[in-house]
Amino acid sequence: MKTWKQITAELNEAKLKLPKDQKEVKRQTERVSGKSLDIVYAEDKRGKIHVYVDGVSMGEPHRNMKDADKEMKNVKKLILQMGEENITKEEILGVINEVNI
């Protein structure tokens, strides 16, 4: 019998289809102001790190994992601050996605 953690990991993996030239290197789930964020780090063939939050790309790839982690800390702080102003997680990610297009 599978544990709850194994089942949720399988469901989260099924939610996000990475591009063919990228492979997943790290996955984490963070709780920010009562909201759950599924964060996926993927590496492309050039060694660049792409970050996806709930399936939304966070824009340009990062040179390494250290830079990607630093950027995600800033995104978490932004979501926390905007959450205090009653702005939903979906609205925040939508705006980030629009800026990156």
Side-chain angles (χ1 to χ4, degrees):
M1 192 152 187
K2 293 183 181 181
T3 65
W4 178 253
K5 190 172 183 175
Q6 290 171 326
I7 293 170
T8 20
E10 286 179 13
L11 291 173
N12 286 335
E13 289 171 9
K15 274 199 266 184
L16 176 66
K17 292 265 186 187
L18 292 173
K20 290 185 181 187
D21 67 331
Q22 296 178 14
K23 66 176 180 174
E24 185 178 316
V25 291
K26 183 178 172 184
R27 177 183 294 265
Q28 62 189 46
T29 302
E30 293 283 335
R31 301 270 307 156
V32 179
S33 67
K35 299 168 182 75
S36 179
L37 300 175
D38 184 36
I39 304 169
V40 177
Y41 298 86
E43 184 176 20
D44 64 16
K45 292 181 180 180
R46 299 173 300 166
K48 303 279 186 176
I49 303 294
H50 299 262
V51 181
Y52 300 91
V53 176
D54 288 346
V56 177
S57 174
M58 292 290 104
E60 295 294 318
H62 303 279
R63 291 184 312 209
N64 55 36
M65 188 62 106
K66 183 178 176 182
D67 289 346
D69 278 335
K70 185 177 176 182
E71 180 66 26
M72 283 313 304
K73 285 182 184 179
N74 292 335
V75 170
K76 289 180 214 172
K77 286 180 188 176
L78 176 70
I79 291 173
L80 180 63
Q81 290 171 350
M82 294 181 96
E84 291 172 356
E85 297 174 9
N86 294 326
I87 300 172
T88 67
K89 174 181 74 170
E90 290 76 19
E91 290 175 318
I92 297 167
L93 294 176
V95 169
I96 291 172
N97 197 23
E98 287 175 12
V99 170
N100 291 326
I101 291 178

For the residue pair Gln22 and Tyr52, confirm or rule out a side-chain donor-acceptor distance under 3.5 Å.
yes
Please list, chain by chain and in numerical order, all residues satisfying side chain to side chain contact (heavy atoms under 4.5 Å, CB included) with [X], sequence neighbours excluded.
| X | result |
| --- | --- |
| Asp21 | Pro19, Asp44, Lys45 |
| Lys23 | Glu43 |
| Gln28 | Lys26, Glu30, Ile39, Tyr41, Lys76 |

So Leu37 and Asp54, side chain to side chain contact (heavy atoms under 4.5 Å, CB included) or not? Walk me through it.
CA-CA 6 Å; Leu37 300 175; Asp54 288 346; 4.0 Å; yes
Give the minimum heavy-atom separation between Glu24 and Leu18, together with the two atoms involved.
N-CD1, 3.6 Å
What's the shortest heavy-atom distance between Val51 and Ala68, and which atoms?
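Between these two residues, the closest heavy atoms are CG2-CB, 3.8 Å.
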So do the side chains of Met58 and Met72 get within less than 4.5 Å of each other, counting heavy atoms only?
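A side-chain contact under 4.5 Å exists here.
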4.5 Å side-chain heavy-atom contact, Glu71 and His62:
yes
Between atom CD1 of Ile49 and atom CG of Asp69, what is the distance when rounded to the nearest 0.5 Å?
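Nearest 0.5 Å value for the CD1-CG distance: 9.5 Å.
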